[in-house]
**Student:** 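Starting off with a structure, shown below.
By convention in this document, chain letters (A, B, ...) are assigned in the order of the sequence lines, proteins followed by strands, and residues within each chain are numbered from 1. A quick note: this is a predicted structure, and the numbers were derived from the prediction, not measured.
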2 protein chains.
Amino acid sequence: MQVLRTMKSTSDILYKDRAESLEGNQSGKREQTKLANRAAILEAGRQIFAELGYEGTTVRDIIRRTELASGTFYNYFKSKEEVFHALHDDGVARFKPLLRAARENAGQDFQAFMITAFEAYFNFLLNDQTIDREMAAMPEWTRVRFDTPESLALFDELKGDIVAFATEFKLDHVDPELLTASCVGIAQEIGDRLLRGRIKDIQAAARFAAYFVLGGSQRVQSEMQA
Amino acid sequence: MQVLRTMKSTSDILYKDRAESLEGNQSGKREQTKLANRAAILEAGRQIFAELGYEGTTVRDIIRRTELASGTFYNYFKSKEEVFHALHDDGVARFKPLLRAARENAGQDFQAFMITAFEAYFNFLLNDQTIDREMAAMPEWTRVRFDTPESLALFDELKGDIVAFATEFKLDHVDPELLTASCVGIAQEIGDRLLRGRIKDIQAAARFAAYFVLGGSQRVQSEMQA
DNA sequence: TACGATGTTGACGCGCTGTCAGCTTTTCGC
DNA sequence: GCGAAAAGCTGACAGCGCGTCAACATCGTA
C-alpha cells in the first residue's frame with residue numbers, strides 16, 4: 001500500500017523538494033508515489049531514531065511506522081545507515097545557506113563572521129529539526145558521527161572562507177587545516193553541551209567561540225613567526 | 001573450553017592487572033581462568049572491532065575468535081557495547097597518568113602544560129594501542145563515540161587543571177566549561193586528522209593547539225571584561 | 001574420594017536481514 | 001478507452017545473530 005494519502009506536512013516540507021531535485025520532477029502518479037514513499041520512510045526514520053537511538057533502531061522498526069511492506073524499504077535505501085545519512089545530509093544542506101549568509105553579511109569583518117557563524121550553528125542545532133539534535137539529546141553513552149560527502153563539502157567550504165579571512169589578515173603562519181579543524185571541534189563540543197543543557201546561553205557561547213578563535217589564530221601567528 | 005593456554009602476551013599485559021583490580025586477586029585455577037577468559041574476549045574484541053568496525057562486528061564474531069562457547073560471552077559482558085566500553089576505558093586509564101605527568105612537570109607554566117598535554121594526547125592516540133585509533137583509522141563514514149564514566153572523569157580532571165591555571169592567570173571571565181570543551185574539541189578534531197594522515201607533524205600540531213588555547217583564553221578574557 | 005559450588009557449553013526460540021516470485025497499479029501505444 | 005508491458009509493491013522465506021538455560025564439566029573443600 002502506498003502512502004500518498006498519509007503524507008504528513010512536515011515530511012512534505014522537509015524532503016519533497018530535495019527528493020524532487022534528485023530525480024525528474026514529473027507529476028505522474030508513479031513519481032508522486034515514489035516521492036511520498038521516500039518521504040514517509042525518512043520521516044518514520046527520524047522519529048524512530050529519536051525514540052530508539054541509532055543502535056537501537058532496525059529497518060523493520062522504520063518500515064513498521066509506515067504503511068509500506070518490508071521489501072519496499074529496499075527500493076529506496078540499502079540500510080538504516082543510508083536513511084540516517086539522508087537525514088544528516090538534509091540537515092547539512094539546510095545549514096549551508098545560513099553559513100553563506102553569515103559570510104556575506106560579515107563583509108571583511110572576521111570577527112563578525114565568526115560570531116554570526118557560530119551563533120547560526122548553535123541556533124540551527126537547537127531549533128531546527130536536525131537528526132543530530134534528536135540523537136545527542138538522548139542520554140546514552142554511545143554516539144554516532146557521520147562523515148558524509150555532504151559534511152566534507154561543508155567543511156571545505158568553511159575552510160575556504162577561513163583561508164580567505166586568514167589571507168586578508170596576514171595569518172600566513174596559521175595552518176588552515178588546523179585552524180578549520182579547531183573551529184569545527186570547538187563548535188561540535190560546545191554544541192554538544194548546549195544540546196544537553198550543560199550550557200544555556202547561545203549568544204554567550206557564540207561570542208566565546210568567536211573570540212577564542214580570533215585570539216587563538218593571532219597568538220599562533222605570532223608564536224610561529226618567532 | 002577455557003583459554004588459559006592460549007593467552008597472548010599482549011592481552012596479558014593489557015588487561016590482566018586491570019581485571020585483577022576489579023575482583024579479588026586470588027591465584028586459584030578458577031580466578032585465573034576468569035582472568036584469562038576476560039582477557040581473551042577483550043583481545044578478540046579489539047581485533048574484530050579493528051577489522052570490521054563497530055557497526056560491523058557481532059558478539060558472535062568476537063566469541064568465534066576465541067575458543068569459548070557463545071554462551072560464555074554473557075558471563076563476562078552484556079553486549080559488544082560493553083566490550084567496547086572496557087577497551088575504551090582501558091585507553092582512558094592508561095592516558096590519565098600521562099596527563100598528570102604533564103601537569104606536574106609544567107609547574108605553574110600554563111603554556112608548558114598545554115603543549116605537553118596536547119603532545120602527550122596525540123602521541124598516545126597514534127602510538128598506543130587505543131581502540132579509538134583502530135576505529136578512526138578505518139575509512140568509513142560512520143564513527144562511534146563513547147562517553148563512559150571513565151571519560152567523563154578524565155574530562156573533569158582536565159577541567160580541574162584548567163580552572164587552576166585560569167585562576168592563577170586571572171582569567172576570571174573565561175567560563176571553565178566552555179574552555180575545557182574547546183580544548184577537548186580541538187584535541188579530538190586535530191587528533192582525528194592526525195590519525196587519518198591529513199596532518200603529519202605531531203609536535204607542530206601540539207604547539208598550534210597550545211598557542212591557540214592560550215591566545216584564545218586571553219582574548220576571551222579581555223573581550224568579556226569590556 | 002566425594003560432593004557442592006561455580007562456570008561452560010551449545011541448542012533453542014525469537015526477531016531481523018535482504019531477496020524474489022507473484023501480484024497490483026500505472027503508463028503508453030493504438 | 002483498451003489491453004499489454006513496464007514499474008514497483010508485497011510478504012513469505014532462508015540465513016543468521018541474539019540472549020537464555022538445562023545439562024554438563026571442572027574446581028574447591030572436607
**Student:** Are A:Y54 and A:F146 close enough that their ring centres sit under 6.0 Å apart?
**Tutor:** yes
**Student:** Using a 4.0 Å heavy-atom cut-off, does A:Y76 contact any base of the nucleic acid, only the sugar-phosphate backbone, or nothing at all?
**Tutor:** sugar-phosphate
**Student:** Rounding to an integer number of Å, can you tell me how far B:K34 NZ sits from D:dC27 C1'?
**Tutor:**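 Roughly 12 Å, once rounded to whole Å.
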**Student:** Where the side chain of A:V59 is defined as all heavy atoms beyond and including C-beta, which of C:dT17, C:dT8, D:dG11 is the nearest nucleotide?
**Tutor:** C:dT17
**Student:** Looking at the base of C:dT26, is there any donor atom on it, or on the side chain of A:R30, that sits under 3.5 Å from an acceptor on the other one?
**Tutor:**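 Answer is yes: a donor-acceptor pair is held.
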**Student:** Write down the distance between CZ (A:R38) and C1' (D:dC9), rounded to a whole number of angstrom.
**Tutor:**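 Going from A:R38 (CZ) to D:dC9 (C1'), I get 18 Å.
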**Student:** For a quick check, tell me whether the side chain of B:R60 and the base of D:dG19 share a donor-acceptor pair closer than 3.5 Å.
**Tutor:** yes
**Student:** Of all the heavy-atom pairs spanning B:A206 and B:I115, show the shortest one and how long it is.
**Tutor:** CB-O, 4.0 Å
**Student:** Would you call A:D201-A:R207 a salt bridge at under 4.0 Å N-O?
**Tutor:**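 No, A:D201 and A:R207 are not salt-bridged.
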**Student:** By nearest atom, which of the nucleotides D:dC27, C:dT19, D:dG19 is closest to the B:Y74 side chain?
**Tutor:** D:dG19
**Student:** Between B:N37 and C:dG7, is there a contact of a side-chain N or O with OP1 or OP2 at under 4.0 Å?
**Tutor:** no
**Student:** Round to the nearest Å and state the distance from B:F73 atom CZ to C:dG7 atom C1'.
**Tutor:** 16 Å
**Student:** Would you call the rings of B:F84 and B:H88 parallel, tilted or perpendicular, taking 30° and 60° as the class edges?
**Tutor:**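 If you compare the ring of B:F84 with that of B:H88, the planes turn out parallel.
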**Student:** Is A:K159 paired with A:D161 through a side-chain N to carboxylate O contact shorter than 4.0 Å?
**Tutor:** no
**Student:** What nucleotide among D:dC9, C:dC16, D:dT20 has an atom nearest to a side-chain atom of A:T33?
**Tutor:**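 So the side chain of A:T33 is nearest to D:dC9.
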**Student:** Base, sugar-phosphate, or nothing: which does A:T58 touch, judged by heavy atoms less than 4.0 Å apart?
**Tutor:**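 The answer is sugar-phosphate, as A:T58 gets under 4.0 Å only of primed atoms, P, OP1 or OP2.
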**Student:** The side chain of A:S70 lies closest to which of these nucleotides: D:dA12, D:dG19, C:dG10?
**Tutor:** D:dA12
**Student:** Could you check how far CD of A:Q32 sits from P of D:dG8, rounded to whole Å?
**Tutor:** 14 Å
**Student:** Mind calculating the distance between NZ (B:K80) and C1' (D:dG17) to the nearest angstrom?
**Tutor:** 11 Å
**Student:** Rounded to whole Å, how long is the line connecting atom CD of A:E55 with atom P of D:dG17?
**Tutor:** 16 Å
**Student:** In whole angstrom, give the distance that lies between atom CG of B:L52 and atom C1' of D:dG17.
**Tutor:** 14 Å
**Student:** What is the distance, rounded to the nearest whole Å, between atom CD1 of A:I63 and atom P of C:dG15?
**Tutor:**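 About 19 Å, once rounded to whole Å.
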**Student:** With nearest nucleotide decided by heavy atoms, which residue, A:G71 or A:R64, maps closer to the 5′ end of DNA chain C?
**Tutor:**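 Its nearest nucleotide lies further toward 5', so the answer is A:R64.
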